[in-house]
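Everything on this sheet refers to the single structure shown next.
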Amino acid sequence: MNDFASRVLAWYHLHGRKNLPWQQDKTLYKVWVSEVMLQQTQVTTVIPYFEKFIDRFPTLADLAAAQEDEVLAHWTGLGYYARGRNLLKAAKTMIAQYGEFPTELEQVHALPGIGLSTAGAILSSVLQQPHAILDGNVKRVLARHYLVDGWTGNKKVQDKLWEFAKEVTPSKDTHHFNQAMMDIGATVCKRSKPLCEQCPVAETCFAKAQGLQKQYPQPKPKKVLPEKHTFMQILKYQHQVYLIKRPSSGLWGGLYAFSEFESLDELEQSHATQALNVIKSRELTGFRHTFSHFHLHITPVLVELENLPQSISEADSTWYQVDEKRDFGISTPTAKILEEISQLVSLS
DNA sequence: CAGGCGTGGCT
DNA sequence: TAGCCAAGCCT
């Protein structure tokens, strides 16, 4: 075993994290759910989602039998909703093709939402298979230790990091090594203020030797995010509001949402088109929601109706009683607006 | 293969 | 505060 790995493993036994929820009674299924939730998402955010998800879907078979809406209800607020849709799709595939969670890297990697790093992480963690991983933590440790130039999201840079990852990953105790690398990245080799005095590989770290910890890994090239606008139409009849399921691809795919319009005019014209009996219509307080790739200015417009219109009771839509338990997914802005409507309703 | 895809923690 | 970016993957 190489010296890098020996030092990392020694550190793991003393300082590695061993009490996270998905580290107890490990199964391929539970570790998979956690790994997917943890993609681009911090541990503290994931914990409550993981607990509720496993509580509702304790096994692979339970998940495979679930409705997409209920899976997305458990994903509401977590973001990157394709992860939830792919989780269900993969569960159905696994049950249909294998009858259980597959154990070969290629089989696992072939499932939707599971890349090479996630596949390696699952199989090494649960079955002690000797696969290297390359997540954000490992990237940061390696980019600093070997002074790897360029943004780590760049393909060539990532390829180089994979080479280093395979080089240092031992074929024995791989599960502990991988966990240790993620822990070092998360708790020692932090993005800002790295704690090099606590790092097991500080002596051989090129960034530390040259005092360049702050410059590595190199930042993503910055871009100005575009500003977009939308008007959300909240059709309300008594205590119910109208929501439509969004197409399964694209932004907020598969979530239930208010109808959107580019302008107030267009929104109001729809009242006539759909023959709505509007009691009154008013703008609520607008707000800005930021995505990874643009800013969205949202103006909610509350449209109170005299009766339930028939014309717009289409498939994949629902009149939702605002204080009722939800069994479908919504975005954070939708949740925010529903919360406000719920306040209004409770006062009336 | 660079951009699409969410949200919240941290500084 | 506003920007950066997190246990990435898909197209």
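All chains are named by letter (A, B, ...) in the order of the sequence lines, taking the proteins before the strands, and each is independently numbered beginning at 1.
Between A:Lys155 and the phosphate of B:dA2, there is no side-chain N or O to OP1/OP2 separation shorter than 4.0 Å. Contact annotation: A:Lys139 does not reach the phosphate of C:dG8 (side-chain N/O to OP1 or OP2, under 4.0 Å). A close approach under 4.0 Å does occur between a side-chain nitrogen or oxygen of A:Thr118 and OP1 or OP2 of C:dC9.
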If a protein heavy atom is under 4.0 Å from the base, mark B; if only from the sugar-phosphate, S; if neither, -; do that for nucleotides 4-11 of chain B going 5' to 3'. SBBBBB-S
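Here, B:dT11 and C:dA7 have their P atoms 13 Å apart, quoted to the whole Å. Nucleotides B:dC5 and B:dG9, compared at atom P, are 23 Å apart to the nearest Å. Nucleotides B:dG6 and C:dT11 place their P atoms 14 Å apart, quoted to the nearest Å.
Ring geometry, A:Phe328 versus A:Tyr256: the interplanar angle falls from 30° to 60°, so the pair is classed tilted. Using the six-membered ring where Trp is involved, A:His15 and A:Trp11 have ring planes that are tilted, between 30° and 60° apart. Aromatic ring orientation, A:Tyr146 versus A:Phe4: parallel (interplanar angle below 30°, classes split at 30° and 60°).
Here the P atom of nucleotide C:dA7 and the CG atom of A:Asp183 are 11 Å apart, to the nearest Å. The separation between A:Leu225 atom CG and C:dG3 atom P is 8 Å, rounded to whole Å. The interatomic distance linking A:Trp75 (CH2) with C:dC9 (P) rounds to 13 Å, in whole Å. For the pair A:Leu116 CG and C:dC10 P, the interatomic distance rounds to 11 Å; values are reported in whole Å. Counting to the nearest Å, the P atom of C:dA6 and the CG atom of A:Leu20 are 18 Å from each other. Taking atom CG of A:Asn86 as the reference point, atom C1' of C:dG8 lies 12 Å away to the nearest angstrom. Rounded to an integer number of Å, the gap from NE2 of A:His295 to P of C:dA2 is 10 Å. One interatomic measurement links the two molecules: CG of A:Leu111 to C1' of C:dC9, which rounds to 13 Å at whole-angstrom precision.
You'll find the ring centres of A:Phe50 and A:Phe53 outside the 6.0 Å limit.
No contact: A:Trp151 has no heavy atom under 4.0 Å from any strand. Heavy atoms of A:Lys223 sit under 4.0 angstrom from primed sugar atoms or phosphate atoms, though from no base atom.
One hydrophobic cluster, built from ILVMFWY side chains closer than 4.5 Å, cannot hold both A:Phe258 and A:Tyr242; they sit in different ones.
A salt bridge does not link A:Lys139 with A:Asp135: none of the charged nitrogens is closer than 4.0 Å to a carboxylate oxygen.
In this structure, A:Glu35 and A:Ile114 both approach DNA chain C, and ranking their closest nucleotides by distance from the 5' end singles out A:Glu35.
A donor-acceptor contact under 3.5 angstrom links the side-chain atoms of A:Arg17 to the base of C:dA7.
Within 90° of 0 lies the glycosidic angle of C:dA7, which makes this nucleotide syn.
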With salt bridge (charged side-chain N to carboxylate O under 4.0 Å, His left out) as the test, would you mind laying out the steps for A:Arg56 and A:Glu70 before giving the verdict? CA-CA 10 Å; A:Arg56 170 60 188 88; A:Glu70 196 180 359; 2.5 Å; yes
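Within the shown strands, B:dC5 is the pairing partner of C:dG8 under the Watson-Crick or G-U definition, both distances less than 3.5 Å.
The environment of CZ in A:Phe294 is crowded: more than 12 heavy-atom neighbours from other residues, nucleotides or ligands sit within 6.0 Å.
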